[in-house]
Amino acid sequence: MSSTPARVRIAPSPTGDPHVGTAYVALFNRTLARQTGGQFLLRIDDTDRSRYQASSEQKIFDALRWLGLDWDEGPDLGGPCAPYRQSERNAIYQQKVDHLLESGNAYRCFCSAETLAEVREKQKQDKLRLGYPGTCRDLDAVESSQRAAKEEPHVIRLRVPVEGETCFVDQIRGEIRIANCEIDDQVLIKTDGFPTYHLANVVDDIEFGITHVIRAEEWLISTPKHVLIYQALEHPLPGFFHVPLLRNADHSKISKRKNPVSLDWFREQGYLKEAILNFLALMGWSPPDGQEVFDLDRFQQEFNIEKISTGAPVFDLVKLDWLNGMHIRKMDPDQLLQRIDEEGFLPQGVSPQQAAAVLPLVVERMVRLAEFEPRTTWFFNLPEPPTPEDLVPRKGSPEQSLEALQATSALLKSDLPFQAEAVNEALDAMLAEKQWKKPLLFMPLRFALTSRSDSPDLIEVMMVLGRDNVIDRIDRAIAILECST
RNA sequence: GGCCCCAUCGUCUAGUCAGGUCCAGGACAUCAGGUUUUCAUCCUGAGAACAGGGGUUCGAAUCCCCUUGGGGUCACCA
(Lines give C-alpha, C1' and ligand atoms only; values in the text may rest on other atoms or scores of the structure.)
Protein backbone atom coordinates (compact mmCIF):
# COMPACT_ATOMS: atom_id res chain seq x y z
CA MET A 1 0.00 0.00 0.00
CA SER A 2 1.32 3.42 -0.97
CA SER A 3 2.38 5.49 1.98
CA THR A 4 2.93 8.90 0.38
CA PRO A 5 -0.21 10.99 0.81
CA ALA A 6 -2.29 10.96 -2.35
CA ARG A 7 -4.03 14.08 -3.55
CA VAL A 8 -6.82 12.89 -5.79
CA ARG A 9 -9.95 14.31 -7.30
CA ILE A 10 -13.11 13.70 -9.18
CA ALA A 11 -14.36 16.25 -11.68
CA PRO A 12 -18.02 15.63 -12.43
CA SER A 13 -19.80 17.71 -14.99
CA PRO A 14 -23.05 19.36 -13.88
CA THR A 15 -25.07 18.27 -16.87
CA GLY A 16 -27.79 16.13 -15.33
CA ASP A 17 -28.58 13.68 -12.58
CA PRO A 18 -25.75 12.41 -10.38
CA HIS A 19 -24.36 9.39 -12.19
CA VAL A 20 -23.52 6.02 -10.72
CA GLY A 21 -20.21 6.14 -12.60
CA THR A 22 -19.27 9.26 -10.67
CA ALA A 23 -19.81 7.39 -7.41
CA TYR A 24 -17.81 4.45 -8.74
CA VAL A 25 -14.78 6.58 -9.54
CA ALA A 26 -15.24 8.67 -6.39
CA LEU A 27 -15.13 5.52 -4.29
CA PHE A 28 -11.70 4.53 -5.57
CA ASN A 29 -10.32 8.07 -5.39
CA ARG A 30 -11.54 8.75 -1.91
CA THR A 31 -10.42 5.39 -0.63
CA LEU A 32 -6.88 5.95 -1.87
CA ALA A 33 -6.83 9.37 -0.22
CA ARG A 34 -8.01 7.89 3.07
CA GLN A 35 -5.55 5.01 2.90
CA THR A 36 -2.60 7.31 2.40
CA GLY A 37 -3.67 10.19 4.61
CA GLY A 38 -4.05 12.40 1.57
CA GLN A 39 -6.90 14.55 0.32
CA PHE A 40 -9.88 13.89 -1.88
CA LEU A 41 -11.03 16.92 -3.84
CA LEU A 42 -14.21 17.70 -5.71
CA ARG A 43 -13.90 19.90 -8.73
CA ILE A 44 -16.83 20.95 -10.83
CA ASP A 45 -16.13 20.64 -14.50
CA ASP A 46 -18.55 23.20 -15.91
CA THR A 47 -16.66 24.44 -18.96
CA ASP A 48 -19.39 23.28 -21.31
CA ARG A 49 -21.83 26.14 -21.05
CA SER A 50 -24.30 24.63 -23.51
CA ARG A 51 -24.95 21.51 -21.46
CA TYR A 52 -24.73 23.18 -18.07
CA GLN A 53 -27.64 22.61 -15.66
CA ALA A 54 -27.75 24.83 -12.61
CA SER A 55 -29.57 22.32 -10.42
CA SER A 56 -27.13 19.55 -11.19
CA GLU A 57 -24.27 20.70 -9.00
CA GLN A 58 -26.23 20.57 -5.77
CA LYS A 59 -27.66 17.20 -6.71
CA ILE A 60 -24.16 15.84 -7.18
CA PHE A 61 -23.12 17.16 -3.77
CA ASP A 62 -26.17 15.64 -2.12
CA ALA A 63 -25.84 12.25 -3.75
CA LEU A 64 -22.16 11.90 -2.95
CA ARG A 65 -22.64 13.01 0.64
CA TRP A 66 -25.56 10.65 0.99
CA LEU A 67 -23.29 7.81 -0.02
CA GLY A 68 -20.73 8.94 2.52
CA LEU A 69 -18.22 9.87 -0.17
CA ASP A 70 -17.39 13.23 1.34
CA TRP A 71 -14.52 15.39 0.11
CA ASP A 72 -11.86 17.54 1.74
CA GLU A 73 -11.84 20.46 -0.65
CA GLY A 74 -14.50 21.57 -3.08
CA PRO A 75 -16.67 24.41 -4.35
CA ASP A 76 -18.89 24.36 -1.27
CA LEU A 77 -16.06 23.78 1.21
CA GLY A 78 -13.36 25.95 -0.24
CA GLY A 79 -9.72 25.07 0.27
CA PRO A 80 -6.18 26.22 -0.47
CA CYS A 81 -6.65 25.92 -4.23
CA ALA A 82 -9.98 27.72 -4.56
CA PRO A 83 -11.93 28.26 -6.69
CA TYR A 84 -12.95 24.64 -7.39
CA ARG A 85 -15.35 25.45 -10.16
CA GLN A 86 -13.64 25.55 -13.54
CA SER A 87 -15.84 28.30 -14.91
CA GLU A 88 -14.33 30.52 -12.23
CA ARG A 89 -10.75 29.73 -13.18
CA ASN A 90 -10.66 31.20 -16.66
CA ALA A 91 -7.90 33.67 -15.92
CA ILE A 92 -5.59 30.83 -14.98
CA TYR A 93 -6.26 28.91 -18.19
CA GLN A 94 -5.75 32.08 -20.22
CA GLN A 95 -2.42 32.69 -18.59
CA LYS A 96 -1.26 29.13 -19.21
CA VAL A 97 -2.38 29.15 -22.80
CA ASP A 98 -0.56 32.43 -23.45
CA HIS A 99 2.52 30.71 -22.20
CA LEU A 100 1.86 27.81 -24.56
CA LEU A 101 1.33 30.23 -27.45
CA GLU A 102 4.65 31.92 -26.71
CA SER A 103 6.56 28.69 -26.47
CA GLY A 104 5.06 27.52 -29.75
CA ASN A 105 3.29 24.56 -28.20
CA ALA A 106 -0.05 26.00 -29.20
CA TYR A 107 -1.39 28.07 -32.07
CA ARG A 108 -4.51 29.95 -33.07
CA CYS A 109 -6.87 28.33 -35.51
CA PHE A 110 -9.37 30.44 -37.43
CA CYS A 111 -11.20 27.65 -39.17
CA SER A 112 -14.92 27.65 -38.53
CA ALA A 113 -16.66 24.71 -36.94
CA GLU A 114 -18.74 24.36 -40.11
CA THR A 115 -15.72 24.15 -42.39
CA LEU A 116 -14.19 21.52 -40.16
CA ALA A 117 -17.40 19.52 -40.10
CA GLU A 118 -17.33 19.48 -43.90
CA VAL A 119 -13.73 18.37 -43.91
CA ARG A 120 -14.63 15.56 -41.55
CA GLU A 121 -17.47 14.45 -43.82
CA LYS A 122 -15.13 14.35 -46.77
CA GLN A 123 -12.58 12.37 -44.79
CA LYS A 124 -15.27 9.93 -43.82
CA GLN A 125 -16.35 9.51 -47.45
CA ASP A 126 -12.81 8.97 -48.64
CA LYS A 127 -12.21 6.62 -45.74
CA LEU A 128 -9.32 8.73 -44.55
CA ARG A 129 -8.19 9.18 -41.00
CA LEU A 130 -10.49 11.66 -39.27
CA GLY A 131 -8.80 14.74 -37.90
CA TYR A 132 -7.86 18.38 -38.16
CA PRO A 133 -6.18 19.04 -41.52
CA GLY A 134 -3.63 21.46 -40.06
CA THR A 135 -4.79 24.49 -42.03
CA CYS A 136 -3.75 27.11 -39.47
CA ARG A 137 -0.85 25.20 -37.99
CA ASP A 138 1.81 27.16 -39.80
CA LEU A 139 0.10 30.51 -39.98
CA ASP A 140 2.47 33.45 -39.80
CA ALA A 141 2.83 34.57 -36.16
CA VAL A 142 2.34 38.24 -36.97
CA GLU A 143 -0.75 37.59 -39.07
CA SER A 144 -2.14 35.35 -36.37
CA SER A 145 -1.74 38.03 -33.73
CA GLN A 146 -3.26 40.69 -35.95
CA ARG A 147 -6.33 38.62 -36.74
CA ALA A 148 -6.75 37.84 -33.05
CA ALA A 149 -6.38 41.54 -32.22
CA LYS A 150 -9.20 42.29 -34.66
CA GLU A 151 -11.28 39.85 -32.65
CA GLU A 152 -11.66 37.36 -35.42
CA PRO A 153 -13.24 34.23 -33.88
CA HIS A 154 -10.73 31.47 -33.28
CA VAL A 155 -9.78 28.55 -31.12
CA ILE A 156 -6.39 27.66 -29.73
CA ARG A 157 -4.95 24.28 -30.58
CA LEU A 158 -2.18 22.13 -29.19
CA ARG A 159 0.73 21.70 -31.60
CA VAL A 160 1.29 17.95 -31.55
CA PRO A 161 4.64 16.75 -32.93
CA VAL A 162 4.29 15.14 -36.34
CA GLU A 163 6.81 12.44 -35.64
CA GLY A 164 7.69 10.16 -32.78
CA GLU A 165 5.37 8.71 -30.22
CA THR A 166 3.98 9.58 -26.84
CA CYS A 167 3.94 7.07 -24.07
CA PHE A 168 2.98 6.82 -20.46
CA VAL A 169 2.41 4.14 -17.89
CA ASP A 170 -1.07 3.30 -16.78
CA GLN A 171 -0.69 1.79 -13.33
CA ILE A 172 -3.42 -0.74 -13.99
CA ARG A 173 -2.69 -1.66 -17.60
CA GLY A 174 0.99 -1.03 -18.08
CA GLU A 175 2.76 1.00 -20.74
CA ILE A 176 0.67 2.68 -23.43
CA ARG A 177 2.37 4.02 -26.56
CA ILE A 178 0.71 5.97 -29.32
CA ALA A 179 2.26 7.38 -32.49
CA ASN A 180 2.05 11.16 -32.51
CA CYS A 181 0.64 11.13 -36.02
CA GLU A 182 -2.45 9.52 -34.51
CA ILE A 183 -2.97 12.41 -32.12
CA ASP A 184 -5.04 15.34 -33.32
CA ASP A 185 -4.16 18.97 -32.71
CA GLN A 186 -6.57 19.18 -29.82
CA VAL A 187 -8.56 22.36 -29.19
CA LEU A 188 -7.42 23.88 -25.92
CA ILE A 189 -9.54 27.03 -25.84
CA LYS A 190 -12.92 27.18 -27.54
CA THR A 191 -14.34 30.13 -29.50
CA ASP A 192 -16.35 31.12 -26.45
CA GLY A 193 -13.12 31.56 -24.52
CA PHE A 194 -13.68 28.59 -22.23
CA PRO A 195 -11.10 25.83 -22.05
CA THR A 196 -11.82 22.30 -23.18
CA TYR A 197 -11.70 19.46 -20.70
CA HIS A 198 -8.22 18.54 -21.83
CA LEU A 199 -6.60 21.86 -21.00
CA ALA A 200 -8.59 22.65 -17.86
CA ASN A 201 -8.07 19.18 -16.50
CA VAL A 202 -4.29 19.26 -16.86
CA VAL A 203 -3.88 22.86 -15.66
CA ASP A 204 -6.03 22.21 -12.61
CA ASP A 205 -4.42 18.90 -11.77
CA ILE A 206 -1.09 20.70 -11.77
CA GLU A 207 -2.41 23.65 -9.76
CA PHE A 208 -4.12 21.36 -7.26
CA GLY A 209 -1.09 19.15 -6.84
CA ILE A 210 -2.92 16.02 -7.97
CA THR A 211 -0.69 12.96 -7.58
CA HIS A 212 -2.95 10.20 -8.92
CA VAL A 213 -5.40 10.58 -11.76
CA ILE A 214 -7.99 7.86 -11.25
CA ARG A 215 -10.71 8.05 -13.87
CA ALA A 216 -12.79 5.99 -16.26
CA GLU A 217 -11.27 4.05 -19.11
CA GLU A 218 -12.93 6.23 -21.73
CA TRP A 219 -10.15 8.73 -21.02
CA LEU A 220 -7.35 6.33 -21.78
CA ILE A 221 -7.09 7.27 -25.43
CA SER A 222 -6.91 11.00 -24.75
CA THR A 223 -4.25 10.66 -22.09
CA PRO A 224 -1.39 11.09 -24.60
CA LYS A 225 -2.80 14.55 -25.33
CA HIS A 226 -2.69 15.28 -21.65
CA VAL A 227 0.86 13.99 -21.44
CA LEU A 228 1.84 16.38 -24.21
CA ILE A 229 0.24 19.26 -22.32
CA TYR A 230 2.07 18.32 -19.13
CA GLN A 231 5.31 18.30 -21.12
CA ALA A 232 4.56 21.65 -22.75
CA LEU A 233 3.86 23.07 -19.30
CA GLU A 234 7.08 21.45 -18.08
CA HIS A 235 5.46 19.57 -15.28
CA PRO A 236 6.02 15.95 -14.23
CA LEU A 237 3.25 13.43 -14.83
CA PRO A 238 0.89 12.20 -12.13
CA GLY A 239 0.16 8.48 -11.84
CA PHE A 240 -2.56 7.39 -14.23
CA PHE A 241 -5.13 4.76 -13.31
CA HIS A 242 -7.87 4.03 -15.80
CA VAL A 243 -10.59 1.99 -14.18
CA PRO A 244 -12.91 -0.13 -16.31
CA LEU A 245 -16.15 1.30 -17.58
CA LEU A 246 -19.39 0.02 -16.07
CA ARG A 247 -21.37 -1.85 -18.72
CA ASN A 248 -24.91 -2.58 -19.81
CA ALA A 249 -25.94 -6.23 -20.14
CA ASP A 250 -24.91 -6.08 -23.82
CA HIS A 251 -21.45 -4.90 -22.71
CA SER A 252 -21.76 -1.42 -24.13
CA LYS A 253 -20.83 1.54 -21.94
CA ILE A 254 -23.46 1.98 -19.24
CA SER A 255 -26.26 4.30 -20.33
CA LYS A 256 -29.56 5.51 -19.00
CA ARG A 257 -31.39 3.96 -21.94
CA LYS A 258 -30.41 0.50 -20.81
CA ASN A 259 -29.84 0.85 -17.09
CA PRO A 260 -30.82 2.95 -14.13
CA VAL A 261 -27.80 5.22 -13.69
CA SER A 262 -29.07 8.06 -11.53
CA LEU A 263 -27.97 7.82 -7.91
CA ASP A 264 -31.28 9.46 -7.02
CA TRP A 265 -33.11 6.50 -8.52
CA PHE A 266 -31.25 4.04 -6.33
CA ARG A 267 -32.08 6.10 -3.31
CA GLU A 268 -35.75 6.31 -4.20
CA GLN A 269 -35.89 2.54 -4.63
CA GLY A 270 -34.60 2.03 -1.13
CA TYR A 271 -31.13 0.81 -1.84
CA LEU A 272 -28.82 1.28 1.12
CA LYS A 273 -25.72 3.36 0.59
CA GLU A 274 -23.76 0.51 2.18
CA ALA A 275 -25.02 -1.91 -0.46
CA ILE A 276 -24.37 0.46 -3.36
CA LEU A 277 -20.81 1.10 -2.24
CA ASN A 278 -20.26 -2.60 -1.61
CA PHE A 279 -21.60 -3.45 -5.04
CA LEU A 280 -19.55 -0.79 -6.80
CA ALA A 281 -16.43 -1.96 -4.98
CA LEU A 282 -17.03 -5.46 -6.30
CA MET A 283 -17.03 -4.17 -9.88
CA GLY A 284 -13.42 -4.69 -10.74
CA TRP A 285 -12.08 -5.59 -7.36
CA SER A 286 -12.43 -8.62 -5.14
CA PRO A 287 -11.65 -9.03 -1.46
CA PRO A 288 -8.58 -11.18 -0.70
CA ASP A 289 -10.50 -13.25 1.85
CA GLY A 290 -13.46 -13.85 -0.46
CA GLN A 291 -15.86 -12.25 1.99
CA GLU A 292 -18.03 -10.25 -0.40
CA VAL A 293 -20.28 -8.44 2.04
CA PHE A 294 -18.35 -5.61 3.62
CA ASP A 295 -18.47 -1.96 4.64
CA LEU A 296 -16.40 1.09 3.71
CA ASP A 297 -14.02 0.65 6.64
CA ARG A 298 -13.08 -2.83 5.67
CA PHE A 299 -12.81 -1.83 2.03
CA GLN A 300 -10.36 0.85 3.05
CA GLN A 301 -8.27 -1.71 4.86
CA GLU A 302 -8.19 -4.22 2.03
CA PHE A 303 -8.37 -2.21 -1.17
CA ASN A 304 -5.38 -2.01 -3.47
CA ILE A 305 -5.85 0.25 -6.46
CA GLU A 306 -3.35 -1.65 -8.55
CA LYS A 307 -5.38 -4.83 -8.16
CA ILE A 308 -8.36 -3.46 -10.05
CA SER A 309 -9.17 -5.82 -12.88
CA THR A 310 -9.00 -4.78 -16.51
CA GLY A 311 -12.15 -6.52 -17.65
CA ALA A 312 -15.42 -4.73 -18.32
CA PRO A 313 -17.92 -5.37 -15.52
CA VAL A 314 -21.60 -5.71 -16.37
CA PHE A 315 -23.75 -3.77 -13.95
CA ASP A 316 -26.10 -6.46 -12.64
CA LEU A 317 -28.94 -5.27 -10.42
CA VAL A 318 -29.66 -8.83 -9.30
CA LYS A 319 -26.50 -8.95 -7.24
CA LEU A 320 -27.15 -5.47 -5.89
CA ASP A 321 -30.52 -6.71 -4.67
CA TRP A 322 -28.87 -9.58 -2.86
CA LEU A 323 -26.32 -7.26 -1.27
CA ASN A 324 -29.05 -4.86 -0.23
CA GLY A 325 -30.88 -7.65 1.56
CA MET A 326 -27.67 -8.71 3.26
CA HIS A 327 -26.96 -5.21 4.49
CA ILE A 328 -30.53 -4.76 5.68
CA ARG A 329 -30.20 -7.90 7.79
CA LYS A 330 -26.76 -6.93 9.05
CA MET A 331 -27.96 -3.63 10.42
CA ASP A 332 -29.21 -3.54 13.98
CA PRO A 333 -32.98 -3.02 14.28
CA ASP A 334 -32.87 0.50 15.74
CA GLN A 335 -30.50 1.66 13.09
CA LEU A 336 -32.58 0.10 10.33
CA LEU A 337 -35.74 1.70 11.64
CA GLN A 338 -34.03 5.06 11.78
CA ARG A 339 -32.83 4.60 8.22
CA ILE A 340 -36.30 3.72 6.97
CA ASP A 341 -37.53 6.89 8.62
CA GLU A 342 -34.73 9.11 7.32
CA GLU A 343 -35.13 7.86 3.80
CA GLY A 344 -38.85 8.54 3.87
CA PHE A 345 -40.10 4.97 3.67
CA LEU A 346 -42.33 5.14 6.72
CA PRO A 347 -45.95 4.99 5.55
CA GLN A 348 -48.01 8.17 5.94
CA GLY A 349 -48.97 8.88 9.52
CA VAL A 350 -46.98 6.02 10.98
CA SER A 351 -44.62 6.74 13.85
CA PRO A 352 -41.26 5.04 14.28
CA GLN A 353 -42.63 3.44 17.46
CA GLN A 354 -45.48 1.82 15.54
CA ALA A 355 -43.15 0.68 12.80
CA ALA A 356 -40.82 -0.87 15.33
CA ALA A 357 -43.49 -3.41 16.19
CA VAL A 358 -43.72 -4.93 12.69
CA LEU A 359 -40.20 -4.38 11.43
CA PRO A 360 -38.82 -7.60 12.95
CA LEU A 361 -41.48 -9.56 11.09
CA VAL A 362 -40.44 -8.31 7.68
CA VAL A 363 -36.65 -7.79 7.79
CA GLU A 364 -35.94 -11.23 6.43
CA ARG A 365 -38.17 -10.57 3.47
CA MET A 366 -37.10 -7.07 2.48
CA VAL A 367 -34.88 -6.52 -0.49
CA ARG A 368 -35.35 -2.78 -0.84
CA LEU A 369 -36.54 -0.29 1.75
CA ALA A 370 -39.42 0.75 -0.50
CA GLU A 371 -40.97 -2.65 0.21
CA PHE A 372 -41.60 -1.76 3.81
CA GLU A 373 -44.94 -0.17 3.10
CA PRO A 374 -46.51 -2.85 0.86
CA ARG A 375 -45.27 -5.57 3.17
CA THR A 376 -46.78 -3.99 6.26
CA THR A 377 -50.00 -2.28 5.16
CA TRP A 378 -52.00 -5.13 6.70
CA PHE A 379 -50.65 -3.96 10.03
CA PHE A 380 -51.33 -0.26 9.71
CA ASN A 381 -54.61 -0.47 7.84
CA LEU A 382 -57.46 -2.87 7.46
CA PRO A 383 -56.63 -4.45 4.10
CA GLU A 384 -59.07 -4.93 1.26
CA PRO A 385 -61.13 -8.01 2.12
CA PRO A 386 -59.90 -11.32 0.68
CA THR A 387 -62.03 -12.99 -2.00
CA PRO A 388 -63.75 -16.31 -1.31
CA GLU A 389 -61.21 -17.95 -3.66
CA ASP A 390 -58.34 -16.53 -1.61
CA LEU A 391 -59.73 -18.22 1.45
CA VAL A 392 -59.78 -21.71 -0.02
CA PRO A 393 -56.38 -23.38 -0.42
CA ARG A 394 -55.67 -25.65 -3.36
CA LYS A 395 -56.37 -28.93 -1.58
CA GLY A 396 -59.10 -27.53 0.60
CA SER A 397 -62.79 -26.73 0.29
CA PRO A 398 -64.97 -23.78 1.30
CA GLU A 399 -66.53 -25.89 4.03
CA GLN A 400 -63.18 -26.82 5.51
CA SER A 401 -61.93 -23.24 5.48
CA LEU A 402 -65.11 -22.07 7.11
CA GLU A 403 -64.90 -24.68 9.80
CA ALA A 404 -61.23 -23.92 10.47
CA LEU A 405 -61.80 -20.21 10.74
CA GLN A 406 -64.84 -20.62 12.93
CA ALA A 407 -62.93 -22.92 15.25
CA THR A 408 -60.04 -20.45 15.45
CA SER A 409 -62.37 -17.56 16.11
CA ALA A 410 -64.05 -19.49 18.89
CA LEU A 411 -60.72 -20.43 20.37
CA LEU A 412 -59.57 -16.82 20.47
CA LYS A 413 -62.83 -15.68 22.00
CA SER A 414 -62.39 -18.17 24.85
CA ASP A 415 -60.36 -17.42 27.94
CA LEU A 416 -57.18 -18.60 26.25
CA PRO A 417 -54.32 -16.25 27.13
CA PHE A 418 -53.44 -14.21 24.05
CA GLN A 419 -49.74 -15.07 24.04
CA ALA A 420 -47.64 -16.54 21.27
CA GLU A 421 -46.85 -19.80 22.98
CA ALA A 422 -50.37 -20.40 24.27
CA VAL A 423 -52.03 -19.63 20.93
CA ASN A 424 -49.54 -21.75 19.08
CA GLU A 425 -50.12 -24.72 21.38
CA ALA A 426 -53.89 -24.34 21.25
CA LEU A 427 -53.87 -24.27 17.45
CA ASP A 428 -51.58 -27.30 17.33
CA ALA A 429 -53.89 -29.14 19.66
CA MET A 430 -56.89 -28.23 17.57
CA LEU A 431 -55.10 -29.38 14.41
CA ALA A 432 -54.21 -32.68 16.03
CA GLU A 433 -57.69 -33.26 17.37
CA LYS A 434 -59.43 -32.57 14.07
CA GLN A 435 -56.64 -34.24 12.09
CA TRP A 436 -56.27 -31.25 9.80
CA LYS A 437 -53.20 -30.53 7.73
CA LYS A 438 -51.55 -27.26 8.71
CA PRO A 439 -51.91 -25.41 5.39
CA LEU A 440 -55.64 -26.01 5.43
CA LEU A 441 -55.87 -23.80 8.48
CA PHE A 442 -53.01 -21.39 7.96
CA MET A 443 -53.68 -20.38 4.37
CA PRO A 444 -57.26 -19.19 5.02
CA LEU A 445 -56.04 -17.57 8.19
CA ARG A 446 -53.24 -15.80 6.31
CA PHE A 447 -55.66 -14.25 3.87
CA ALA A 448 -58.13 -13.43 6.61
CA LEU A 449 -55.47 -11.48 8.50
CA THR A 450 -53.30 -9.96 5.77
CA SER A 451 -55.12 -10.41 2.44
CA ARG A 452 -51.84 -11.66 1.00
CA SER A 453 -50.56 -15.06 -0.06
CA ASP A 454 -47.23 -14.38 1.60
CA SER A 455 -46.80 -12.99 5.06
CA PRO A 456 -44.69 -13.32 8.15
CA ASP A 457 -45.28 -16.12 10.64
CA LEU A 458 -48.97 -16.01 11.55
CA ILE A 459 -48.55 -16.36 15.28
CA GLU A 460 -46.34 -13.28 15.18
CA VAL A 461 -48.84 -11.52 12.95
CA MET A 462 -51.58 -12.21 15.49
CA MET A 463 -49.51 -11.00 18.40
CA VAL A 464 -48.67 -7.78 16.71
CA LEU A 465 -52.23 -7.18 15.52
CA GLY A 466 -53.83 -7.77 18.92
CA ARG A 467 -56.71 -10.03 19.85
CA ASP A 468 -59.57 -7.74 18.80
CA ASN A 469 -58.24 -7.04 15.35
CA VAL A 470 -57.51 -10.68 14.78
CA ILE A 471 -60.99 -11.76 15.77
CA ASP A 472 -62.58 -9.02 13.66
CA ARG A 473 -60.64 -10.04 10.58
CA ILE A 474 -61.32 -13.73 11.03
CA ASP A 475 -65.01 -13.02 11.47
CA ARG A 476 -64.95 -10.84 8.39
CA ALA A 477 -63.49 -13.75 6.42
CA ILE A 478 -66.09 -16.11 7.87
CA ALA A 479 -68.82 -13.78 6.64
CA ILE A 480 -67.29 -13.69 3.18
CA LEU A 481 -67.26 -17.47 3.03
CA GLU A 482 -70.77 -17.76 4.32
CA CYS A 483 -72.07 -15.35 1.69
CA SER A 484 -70.43 -17.26 -1.13
CA THR A 485 -71.75 -20.70 -0.24
C1' G B 1 -12.70 2.22 -41.03
C1' G B 2 -7.81 4.05 -38.18
C1' C B 3 -5.87 3.84 -33.35
C1' C B 4 -6.09 2.06 -28.28
C1' C B 5 -7.85 -1.29 -24.46
C1' C B 6 -9.76 -5.99 -23.11
C1' A B 7 -10.89 -11.60 -23.23
C1' U B 8 -11.84 -17.56 -16.99
C1' C B 9 -18.98 -20.43 -15.47
C1' G B 10 -25.32 -16.63 -17.67
C1' U B 11 -23.18 -12.38 -14.26
C1' C B 12 -19.14 -10.40 -10.67
C1' U B 13 -14.55 -12.57 -10.07
C1' A B 14 -9.80 -15.75 -7.76
C1' G B 15 -5.76 -17.75 -10.18
C1' U B 16 -1.98 -14.57 -14.93
C1' C B 17 3.15 -10.21 -13.08
C1' A B 18 7.30 -14.65 -10.14
C1' G B 19 4.44 -21.52 -15.67
C1' G B 20 3.63 -27.25 -12.14
C1' U B 21 -0.09 -27.72 -5.69
C1' C B 22 -6.06 -25.79 -11.23
C1' C B 23 -9.28 -32.34 -15.17
C1' A B 24 -9.68 -24.22 -12.56
C1' G B 25 -11.78 -21.78 -6.51
C1' G B 26 -15.63 -18.38 -4.48
C1' A B 27 -20.11 -15.28 -4.90
C1' C B 28 -24.86 -13.93 -7.39
C1' A B 29 -28.40 -16.23 -10.43
C1' U B 30 -30.55 -21.12 -11.91
C1' C B 31 -32.06 -26.10 -10.66
C1' A B 32 -32.77 -30.13 -6.88
C1' G B 33 -33.26 -31.29 -1.76
C1' G B 34 -33.72 -29.98 3.76
C1' U B 35 -36.05 -26.73 7.66
C1' U B 36 -41.17 -24.69 7.41
C1' U B 37 -48.15 -22.48 8.07
C1' U B 38 -47.02 -19.19 2.86
C1' C B 39 -43.14 -16.10 1.19
C1' A B 40 -38.44 -15.21 2.73
C1' U B 41 -34.23 -16.31 5.74
C1' C B 42 -31.03 -20.34 6.79
C1' C B 43 -28.55 -25.24 5.47
C1' U B 44 -27.01 -29.14 1.78
C1' G B 45 -26.15 -30.50 -3.18
C1' A B 46 -25.99 -30.13 -8.74
C1' G B 47 -25.12 -28.18 -13.55
C1' A B 48 -22.16 -24.21 -15.48
C1' A B 49 -15.93 -21.25 -17.89
C1' C B 50 -9.80 -20.90 -19.24
C1' A B 51 -12.74 -17.69 -27.25
C1' G B 52 -9.87 -20.45 -31.42
C1' G B 53 -5.21 -21.76 -33.58
C1' G B 54 -0.08 -21.90 -33.53
C1' G B 55 4.40 -21.72 -30.86
C1' U B 56 8.10 -21.69 -26.23
C1' U B 57 8.58 -25.52 -22.36
C1' C B 58 9.48 -31.83 -19.42
C1' G B 59 4.95 -29.00 -18.19
C1' A B 60 0.62 -23.18 -20.04
C1' A B 61 -5.60 -20.56 -17.79
C1' U B 62 -0.74 -18.43 -16.80
C1' C B 63 4.79 -16.49 -21.52
C1' C B 64 5.00 -15.15 -27.22
C1' C B 65 2.48 -14.68 -32.11
C1' C B 66 -1.83 -14.80 -35.23
C1' U B 67 -7.08 -15.04 -35.70
C1' U B 68 -11.79 -14.11 -33.71
C1' G B 69 -14.87 -11.53 -30.51
C1' G B 70 -16.19 -7.36 -27.37
C1' G B 71 -15.48 -2.37 -25.92
C1' G B 72 -13.59 2.57 -26.09
C1' U B 73 -12.14 6.66 -28.99
C1' C B 74 -11.58 9.52 -33.37
C1' A B 75 -16.16 17.08 -31.11
C1' C B 76 -14.94 24.23 -30.37
C1' C B 77 -18.93 17.22 -24.87
C1' A B 78 -17.07 15.76 -20.78
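Chain letters run A, B, ... following the sequence lines, proteins first and then strands; every chain starts at 1.
Counting non-hydrogen atoms of neighbouring residues, nucleotides and ligands closer than 6.0 angstrom, the CD atom of A:Glu421 reaches no more than 12 such neighbours. Other residues, nucleotides and ligands contribute over 12 non-hydrogen atoms within 6.0 Å of the CD atom of A:Gln335.
Both A:Glu175 and A:Phe442 sit near RNA chain B, but only A:Glu175 has its closest nucleotide nearer the 5' end.
Taking only distance into account, the side chain of A:Arg173 never meets the base of B:rC5 through a donor-acceptor pair shorter than 3.5 Å. With hydrogens and angles ignored, a donor-acceptor pair closer than 3.5 Å exists between the side chain of A:Glu292 and the base of B:rG26.
Looking at heavy-atom distances under 4.0 Å, A:Ser112 makes contact with a base. Within the 4.0 angstrom heavy-atom criterion, no nucleotide atom of any strand lies near A:Ile189.
Between A:Lys225 and B:rC74 there is no side-chain N or O to OP1 or OP2 distance below 4.0 Å. Within the structure, every side-chain polar atom (N or O) of A:Thr196 is placed at least 4.0 Å from both OP1 and OP2 of B:rA78. Contact annotation: A:Arg452 side-chain N/O to B:rC39 OP1/OP2 distance is not under 4.0 Å.
No donor-acceptor pair closer than 3.5 Å links the side chain of A:Arg9 to the backbone N or O of A:Asp204. Judged by distance alone, with hydrogens and angles left aside, the side-chain atoms of A:Arg452 form a donor-acceptor pair with the main-chain N or O of A:Asp454 at under 3.5 Å.
Of the candidate nucleotides B:rC4, B:rC5, B:rC76, B:rC76 has the atom lying nearest to any side-chain atom of A:Lys190. Checking B:rA14, B:rC12, B:rG72 against the side-chain heavy atoms of A:Ser309 singles out B:rA14 as nearest. With distances taken from any side-chain atom of A:Leu130 to the nucleotides B:rA27, B:rC74, B:rA14, the minimum falls on B:rC74. Here B:rC76 is the nucleotide among B:rA78, B:rC76, B:rC74 with the atom lying nearest to any side-chain atom of A:Ala113.
Taking the P atoms as reference points, B:rU73 lies 41 Å from B:rG47, given to the whole Å. Here the separation of B:rG55 from B:rC12, taken at their C1' atoms, is 33 Å to the nearest Å. B:rA32 and B:rG71 have their P atoms separated by 34 Å, given to the nearest Å. Taking atom C1' on both B:rU30 and B:rG10, the two are 9 Å apart, rounded to the nearest angstrom. Distance check on atom P: B:rU16 versus B:rA61 gives 14 Å, rounded to whole Å. Distance noted for atom C1' between B:rG54 and B:rG45: 41 Å (whole Å).
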Going by atom type alone, with no hydrogens or angles, which donor-acceptor pairs under 3.5 Å involve a side-chain atom of residues 426-446 of chain A and a protein atom two or more places apart or on another chain?
unit_1, atom_1, unit_2, atom_2, d
A:Arg446, NH1, A:Ser455, OG, 2.7

